[in-house]
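See structure below.
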Amino acid sequence: MAASVEELEKRLTALRAQWRESRRAGDKTASARIRKELREVEEAWETALDEEEAKEGAPAAPPHPHAEQQQPIGQPSHGAIPVREQVYQSLTVLGAPASPKLISSVYEAFFSEPLVATKLASLRRDEERSFTAQGYSRPYYICAALNHDRLTAARGLLAVSVWPLERRLITPLSPRADFLRHAIGTAEQIQRLSDAGHPPTDAAWRLLRRFALTIPGAYSEDTRPDPARVLSAAHTEAAVHQAEGDRERTAAAGRAREQLSDVQQLFGARELHNALRSAGGFL
């Protein structure tokens, strides 16, 4: 029988306490093992939460009456915004590479139209073709996050070309560090809307709750999570990862700038087997 959301949340809390203890003890083997289990339990928790919300049949949030003022980059919403613009708006809120599913959820939460995740399938390839043909003719491109070791495109993660290369690199610590950055961006956007007198949608509060549930100290039993509390807890945990993560990102960014062309720095180096196949070689 699959574990419930509550059971998985308790397991996450216990694992995080074990991970912090292993870090304090300097036990890298145990720390790596616990981090792997944490990722597995977090994925199970996400799946269980999706199933629970589907069973509840929660209706999609209606268009917000102040949706036009909610646009973080000053773009109106009249039903004709290109998909790339929608993705850019969501990523601007999140502040770090993200999956199509999360990008779609953020757009639904903060803007006036749904963003169908399947529409993103060919977006990165279209953007790469456009950049290859026109260079920096656009103010931004939707590009790839890059694996720090091979400097190839990270599967299923989108980023924005104007971000520093360091922010677009995926290291072993990135899944958690970027998750915390997503939580911070979501909490800050909710605060901006609230301060401007535009009540966030129910979908925005549900999104923040999903982040808060897996950040130690961020969640309370209140109906809605406190954005300030989420920000404080996320910043506190992020500080634990920052030094090591920054070293890996800086080193990888230096290699990327030396080894990759402009288009490769945005869309990734080609995998070896693809390069050989294109050149007529053999594996």
Side-chain angles (χ1 to χ4, degrees), residues 71-108 110-171 174 178 181-182 185 249-283:
Q71 307 294 338
I73 55 174
Q75 292 294 332
S77 179
H78 300 300
I81 298 179
V83 171
R84 68 186 302 272
E85 193 89 359
Q86 294 175 316
V87 172
Y88 175 63
Q89 290 173 349
S90 291
L91 287 171
T92 298
V93 171
L94 291 167
S99 68
K101 182 179 179 181
L102 178 58
I103 290 169
S104 179
S105 296
V106 169
Y107 200 81
E108 176 188 346
F110 291 115
F111 304 99
S112 61
E113 302 169 3
L115 171 58
V116 181
T118 54
K119 292 183 178 180
L120 278 60
S122 62
L123 178 61
R124 190 186 63 78
R125 292 193 298 273
D126 293 342
E127 293 286 274
E128 182 174 0
R129 282 193 290 267
S130 177
F131 182 84
T132 301
Q134 304 175 33
Y136 294 97
S137 60
R138 292 177 173 177
Y140 69 85
Y141 287 85
I142 303 303
C143 61
L146 304 185
N147 293 308
H148 81 293
D149 48 358
R150 294 172 295 154
L151 302 179
T152 52
R155 185 180 297 276
L157 293 175
L158 297 176
V160 182
S161 63
V162 295
W163 289 350
L165 184 55
E166 287 80 357
R167 199 196 301 187
R168 294 190 288 106
L169 285 160
I170 304 301
T171 71
S174 289
D178 288 349
R181 189 173 287 155
H182 297 158
R249 291 173 188 261
T250 299
R255 288 192 296 108
R257 292 187 176 101
E258 291 177 359
Q259 299 174 15
L260 303 184
S261 64
D262 285 356
V263 67
Q264 289 174 329
Q265 288 183 37
L266 293 181
F267 300 97
R270 300 175 70 183
E271 293 279 8
L272 178 59
H273 70 279
N274 287 336
L276 288 173
R277 183 173 58 188
S278 298
F282 299 92
L283 292 177

Point-to-point distance, once rounded to the nearest 0.5 Å, from CZ of Arg150 to CZ of Arg255: 11.5 Å

Main-chain N/O of Gly135 paired with Tyr141 side-chain donor or acceptor, under 3.5 Å: yes

Minimal non-hydrogen separation, Val106 against Phe111, with atom names: O-CD1, 4.2 Å

Any donor-acceptor N/O pair, Ser104 side chain to Pro100 backbone, under 3.5 Å: no

Exam field: side chain Gln264 to backbone Ser261, donor-acceptor pair closer than 3.5 Å: yes

Non-hydrogen atoms of Ser161 and Leu266 that approach each other most closely: CB-CD2, 3.7 Å

Closest approach of Arg167 to Pro97 (non-hydrogen atoms, all atoms of both residues): O-CD, 3.4 Å

Gap separating the CG atom of Leu120 from the CD1 atom of Ile142, nearest 0.5 angstrom: 8.5 Å

Side chain to side chain, Thr92 and Val160, heavy atoms closer than 4.5 Å: no

Aromatic plane relationship, Phe267 with Phe131 - under 30° parallel, 30 to 60° tilted, over 60° perpendicular: tilted

Atom of Tyr140, atom of Val162 and distance for their closest heavy-atom approach: CB-CG1, 4.1 Å

4.5 Å side-chain heavy-atom contact, Arg129 and Thr132: no

Interatomic spacing from CG in Leu123 to CD in Glu128 - rounded to 0.5 Å: 11.5 Å

Test item: Arg124 side-chain N/O and Gly156 main-chain N/O as donor-acceptor pair under 3.5 Å: no

Minimum heavy-atom distance between Ile103 and Ala98, given as atom pair plus value: CD1-O, 3.7 Å

Minimum heavy-atom distance between Ala144 and Arg168, given as atom pair plus value: O-NH1, 3.5 Å

Spacing of Leu157 atom CG and Leu146 atom CG [to the nearest 0.5 Å]: 10.5 Å

Residues forming a side chain to side chain contact (heavy atoms under 4.5 Å, CB included) with Ala256, sequence neighbours excluded: Leu151, Leu165, Leu260

Steps toward side-chain contact (heavy atoms from CB on, under 4.5 Å) verdict (Arg155, Asn147): CA-CA 9 Å; Arg155 185 180 297 276; Asn147 293 308; over 6 Å; no

Results of side-chain hydrogen bond (donor to acceptor under 3.5 Å, both in side chains) for Arg249 - residues two or more places apart only: Ser174, Asp178

Main-chain N/O of Lys101 paired with Ser105 side-chain donor or acceptor, under 3.5 Å: yes

